[in-house]
Amino acid sequence: MADRLDPILPGSYLGILGGGQLGRMFTHAAQAMGYKVCVLDPDANSPAGAVAEKHIKADYTDHAALKEMAALCSAASTEFENVPAQALDELEALGVYVAPKSGGVSVAQNRITEKKFLATWQAEAGIGPAMHHVIERDADLAHISDDLLPGILKTARMGYDGKGQVTVHTRAELENAWHTFGQVQCVLEKRMDLDFEVSALVARGHDDEVVAYPVAQNIHKNGILHTTTVPAPSLKPTQEVRIVEAAKAIIRRLDYVGVLCVEFFVLKSGEIVANEIAPRPHNSGHYTQNACVTSQFEQQVRAMARVPLGSTALVQSSIMLNILGDEWLVTGSQVEPSWNTVLEDPAAKLHLYGKAEPRQARKMGHINFVGPTSSDVSAACKKAIEVLRITR
Ligand code: ADP
Ligand code: MG
């Protein structure tokens, strides 16, 4: 039976673990609705800390800091999956409404538990994980089937933006790669022939209401998200229905309150595979800020505040283009990109995260292009790629 708790109303403090760009955009959305935000992040220069009413600069395992946060906040959430589950549990024990709870977050913290979970619910969700093998000790290497090569060796923990993974073609390469990773827990996945990649963004309220955004199509470059296009140009309507149903089954099975994203691969064979779960708003959901009635960040606020969820309707076609530190470094020395020229397109919506140092491959911001048709937005995105001299 779903619980029905009182709503947490505007004026209250909401807590967020992590002060990166996701925390910053969450903070903006919360403040727009009249909430106050407390960020916990050890980094004094964190993007979210700069805009929140309160920034506690301490580690996620600092008991005094968690106590301070609990005293201020009615609800708390996390902006990244690698926050220690114990921090969420501690806040909950201190009487804070935590959404999502540590159980739902920790499944996604480790690729082994994540794949086990996806495989367990394959029958119900209708879509399962990629063919894989867990590697925890030397002896596991002997049991690898030839079918898994060429494959991608991924560390079980802490991988993101293509980090912590490497393609291996032979058993010798696999063995080497595993030793290079320091023999930590890994998963070897078969390298599949991808037709395209999509992600499903869903949200669930405390009362078990589940809503889904339109499925988004993603292009990655060097393991980092490059663009997200909505509606997904390559997806068949029947595939979209299956993917949305799978994502809804996953969020319910995790008993998860908040916004969650599931990445899927659509293979050349037409088969659909579930890649990974992000227990939070996701980079591929940034388009919702300007193309949907309710942004993914506002939705996270609504879910954790136990107020009704907002409409996920798509108002306009959209492409999101990620802006990396590389865009400052085209000439070799640091030059601010020509935002003024980008903004000559009146439907280009610029979002920058306030990070001081533009490093290569560092996410600095994104632009959402919105318009009545997909050809309008793709032309606008192409133009900005030229202006910013993006060559990836
Ligand atoms: P991350 O946590 O870095 O996002 P992913 O597992 O999502 O890690 O992998 C990043 C990207 O690498 C994917 O979006 C996809 O383009 C590619 N990739 C990952 N696994 C496979 C696979 N098994 N077969 C083919 N491509 C893959
Ligand atoms: Mg991924």
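Excluded from the calculations below are hydrogen atoms, water molecules and symmetry mates; all remaining heavy atoms, backbone and side chain alike, are included. In this chain, numbering begins with 1 at the start of the sequence shown. Counting convention: from 1, in listed order, for ligands and their atoms alike.
For K190, every heavy-atom contact with ligand 1 shorter than 4.0 Å involves the backbone, none the side chain.
Other residues, nucleotides and ligands place no more than 12 heavy atoms under 6.0 Å from the NZ atom of K67. Other residues, nucleotides and ligands contribute over 12 non-hydrogen atoms within 6.0 Å of the NZ atom of K363.
Protein heavy atom nearest atom 15 (C) of ligand 1, with residue, atom name and distance: E197 OE2, 3.3 Å. The protein non-hydrogen atom at the shortest distance from atom 26 (N) of ligand 1 is L194 CD1, 3.7 Å. Of the protein's heavy atoms, G162 N, 2.6 Å lies nearest to atom 3 (O) of ligand 1.
The shortest N or O to N or O distance between E263 and ligand 1 is under 3.5 Å. Ligand 1 has a nitrogen or oxygen under 3.5 angstrom from a nitrogen or oxygen of N275. Between M192 and ligand 1, at least one N/O pair is under 3.5 Å apart.
Figure legend: R306 and Y97 shown as a cation-pi pair, the cationic atom lying under 6.0 angstrom from the six-membered ring centre and within 45 degrees of its axis.
Taking the charged nitrogens against the carboxylate oxygens, D41 and K57 have no contact shorter than 4.0 Å, which rules out a salt bridge. Remark: D255 engages R204 in a salt bridge, criterion side-chain N to carboxylate O under 4.0 Å.
Protein heavy atoms are absent from the space less than 4.0 angstrom from atom 17 (C) of ligand 1. Under the 4.0 angstrom criterion, atom 13 (C) of ligand 1 counts as having a protein heavy-atom contact.
Looking at K221, Q165, E189, H132 and measuring to atom 10 (C) of ligand 1, the nearest heavy atom belongs to Q165. Taking each of I152, N222, V187 in turn, the one with a heavy atom nearest to atom 21 (C) of ligand 1 proves to be I152. Closest heavy-atom approach to atom 6 (O) of ligand 1 among the candidates K154, M158, E276: K154.
Expressed to the nearest 0.5 Å, how far CD of Q109 lies from CZ of F80 amounts to 9.0 Å. Separating the CG atom in N322 from the CD1 atom in I224 is a distance of 8.5 Å, to the nearest 0.5 Å.
Here is the list of ligand 1 atoms found below 4.0 Å of a heavy atom in D161: 1 (P), 3 (O). Distances below 4.0 Å separate heavy atoms of H220 from the following atoms of ligand 1: 14 (O).
Looking only at its N/O/S atoms, E263 has OE1 as the one nearest to the Mg ion (ligand 2).
Ring orientation note: the planes of H143 and H133 are close to parallel, at an angle under 30° on the 30°/60° scale. Between Y287 and Y213, the angle of the ring planes goes over 60°, which puts this pair in the perpendicular group of the 30/60° scheme.
Put simply, the side chain of V266 does not reach to within 4.5 Å of the side chain of L194, judged on heavy atoms.
Heavy atoms of G159 approach ligand 1 to within less than 4.0 angstrom. Look at R111 and you'll find a heavy atom under 4.0 Å from some atom of ligand 1.
Checking Q296 against H286 by side-chain atom types alone, a donor-acceptor pair falls below 3.5 Å.
Within the 2.8 Å limit, E276 places at least one N, O or S atom next to the Mg ion (ligand 2).
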